[in-house]
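Remember, it's 1-based here, ligands and their atoms both numbered in the order they're listed. Any value given below was found using the heavy atoms of this structure, including those in side chains, with hydrogens, waters and symmetry copies removed.
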Amino acid sequence: MIEKTCYNVEKRHILHSSIFNQTLRDWQGLQSELTTKNFMYPIFLVEDENAVQPIDSMPGISRFGINKLKNHLWPLVQKGLQAILLFGVIDNLPKDDYATNADSLQNPVIKALPQLKTWFPNLTIACDVCLCPYSSHGHCGILFPDGTLNNEASLERISDVALSYAQAGAHIVAPSDMMDGRIAAIKQKLIHHKLANKVAVLSYTAKFASNFYGPFRDAAKSKPAFGDRRCYQLPPTSANLAIRAAERDVSEGADLLMVKPVMAYMDILKTIKDKFPHYPMFVYQVSGEYAMIYKASQAGTFDLEAGLMEILRSLRRAGADVIITYFTPLILDLLQPKHKL
Ligand code: PB1
């Protein structure tokens, strides 16, 4: 006999008994908890070692020279920052069809790595690997003379750049180029140079030809000189290609997987995490998502901290293990223990 209340609410339909105090509510959300280990902080690094260049399209975000980056990171590391993702931005070094300065000795990332590792020995440093910030045409690979993508030449160049960052001290190389076979090409070079057991490969596994990269392209000065990236970034309409990309990158040796952007792709996030539960799943809350959330909160649409935490918890609930986000400094403040012991 099922006991019924006077309004016939069956006892197993009573949810309020699971949420009437904060502890009960916390227990319902353990799978979406946030710690400092769940975050990676993207950083723009310029040649001028003493520069701080605010980025108009990304309020609150600046490009840094290495000396100013040290000052910026120090308090964040004290608050528990675990990982950063470096993007080099060049102003004076020339850009050419081969993206020569992607890994030249004058490249700001190559120059910064040894210093950052000395200053912050416990910080995990990932380097984005792509040609677009360094190529004259602004595309992510090497092109044929007719302007179409030369995938083979791109693999050779991109794996060279990844190797250079690994040799300069990167803990993780993160190819965002979306060339076919770049994970295997990078892994092969790391193995050949006896670095495969010391450097992780974070694949931008399911990276879509999104409308939400605009502010980044301002920040990194990496807008394509012509055309777009739809012939090598995944079509936003496709889930199947994302699965095929994940299967491919896992088989080619990726250590870490990623979905990017994330807010419009949480179905993809859940699918890939469910299919590969034993791989750390990264998501990239990209520049357009950052700017959208920031500006909406500035417009009074919602409270930034409360709205951001709601979004971050939803990403964790959908399967994200690590969130790459420009909000990392704010999040570190929000994660500080309320009462210092
Ligand atoms: O925050 C962002 O918008 C990230 C943009 C991203 C960086 N990995 C790429 C997107 C793009 O410009 O197509 C850069 C491609 N290498």
Side-chain angles (χ1 to χ4, degrees), residues 39-45 55-63 83-90 95 99 101-103 107 109 126-143 149 154-155 157-158 161-162 165 170 172-180 182-183 186 201-236 245 256-265 282-295 311 315 322-328:
F39 295 96
M40 176 180 272
Y41 181 28
I43 286 167
F44 300 102
L45 198 55
I55 303 163
D56 294 340
S57 54
M58 300 178 74
I61 304 298
S62 295
R63 304 181 197 91
I84 60 176
L85 175 59
L86 296 179
F87 291 92
V89 183
I90 59 176
K95 297 187 178 186
N101 281 301
D103 59 352
N107 176 283
V109 172
C127 294
D128 181 82
V129 176
C130 197
L131 305 189
C132 58
Y134 308 102
S135 62
S136 45
H137 43 68
H139 280 284
C140 302
I142 301 293
L143 305 182
L149 205 62
S154 300
L155 293 184
R157 184 74 187 106
I158 282 160
V161 173
Y165 293 168
I172 302 171
V173 290
S176 63
D177 58 291
M178 292 305 282
M179 300 302 130
D180 286 334
R182 88 268 205 221
I183 303 300
I186 291 170
V201 178
L202 166 56
S203 166
Y204 283 73
T205 313
K207 172 175 176 177
F208 295 88
S210 172
N211 294 289
F212 296 112
Y213 298 144
F216 175 94
R217 294 177 182 175
D218 292 344
K221 302 174 182 179
S222 60
K223 192 175 175 193
F226 63 88
D228 54 44
R229 296 182 175 148
R230 285 181 296 175
C231 64
Y232 48 93
Q233 294 175 347
L234 301 183
L256 312 165
L257 306 181
M258 189 199 306
V259 172
K260 172 191 173 188
V262 63
M263 283 175 73
Y265 300 91
F282 284 61
V283 294
Y284 198 140
Q285 185 180 60
V286 299
S287 57
E289 295 175 271
Y290 168 85
M292 181 166 55
I293 294 164
Y294 188 98
K295 292 178 178 179
I311 290 167
L315 302 183
V322 182
I323 302 166
I324 301 170
T325 175
Y326 303 98
F327 283 115
T328 299

Participant: Kindly state whether the ring of F216 and the ring of F44 have centres lying under 6.0 angstrom apart.
Facilitator: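 That pair passes the under 6.0 Å test.
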Participant: Within 45° of the axis and under 6.0 Å from the centre of the six-membered ring of Y265, does NZ or CZ of K207 qualify?
Facilitator: no
Participant: What pairs with Q285 under side chain to side chain donor-acceptor pair (under 3.5 Å), at least two apart in sequence or on another chain?
Facilitator: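 For Q285, the residues satisfying side chain to side chain donor-acceptor pair (under 3.5 Å) (neighbours in sequence not counted) are T325.
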Participant: Do side-chain atoms of S222 reach the backbone of C132 as a donor and acceptor pair under 3.5 angstrom?
Facilitator: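 The answer is no, because no donor-acceptor pair under 3.5 Å joins these two groups.
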Participant: Side chains of Y204 and D177 only: does a donor on one sit below 3.5 Å from an acceptor on the other?
Facilitator: no
Participant: Check each N or O atom of ligand 1 against all protein N or O atoms and list the pairs under 3.5 Å, with atom names and distances to 0.1 Å, one per line.
Facilitator:
{"unit_1": "ligand 1", "atom_1": "1 (O)", "unit_2": "S287", "atom_2": "N", "d": "2.8"}
{"unit_1": "ligand 1", "atom_1": "1 (O)", "unit_2": "Y326", "atom_2": "OH", "d": "2.6"}
{"unit_1": "ligand 1", "atom_1": "3 (O)", "unit_2": "S287", "atom_2": "N", "d": "3.3"}
{"unit_1": "ligand 1", "atom_1": "3 (O)", "unit_2": "S287", "atom_2": "OG", "d": "2.7"}
{"unit_1": "ligand 1", "atom_1": "8 (N)", "unit_2": "Y204", "atom_2": "OH", "d": "3.4"}
{"unit_1": "ligand 1", "atom_1": "8 (N)", "unit_2": "K260", "atom_2": "NZ", "d": "2.6"}
{"unit_1": "ligand 1", "atom_1": "12 (O)", "unit_2": "R217", "atom_2": "NE", "d": "2.7"}
{"unit_1": "ligand 1", "atom_1": "12 (O)", "unit_2": "R229", "atom_2": "NH1", "d": "2.6"}
{"unit_1": "ligand 1", "atom_1": "13 (O)", "unit_2": "R217", "atom_2": "NH2", "d": "2.7"}
{"unit_1": "ligand 1", "atom_1": "13 (O)", "unit_2": "R229", "atom_2": "NH1", "d": "2.7"}
{"unit_1": "ligand 1", "atom_1": "13 (O)", "unit_2": "Q233", "atom_2": "NE2", "d": "2.9"}
{"unit_1": "ligand 1", "atom_1": "16 (N)", "unit_2": "S176", "atom_2": "OG", "d": "3.0"}

Participant: Locate the shortest heavy-atom distance separating A219 from M58; write the atom from each residue and the value.
Facilitator: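 Minimum heavy-atom contact is CB-SD, 4.2 Å.
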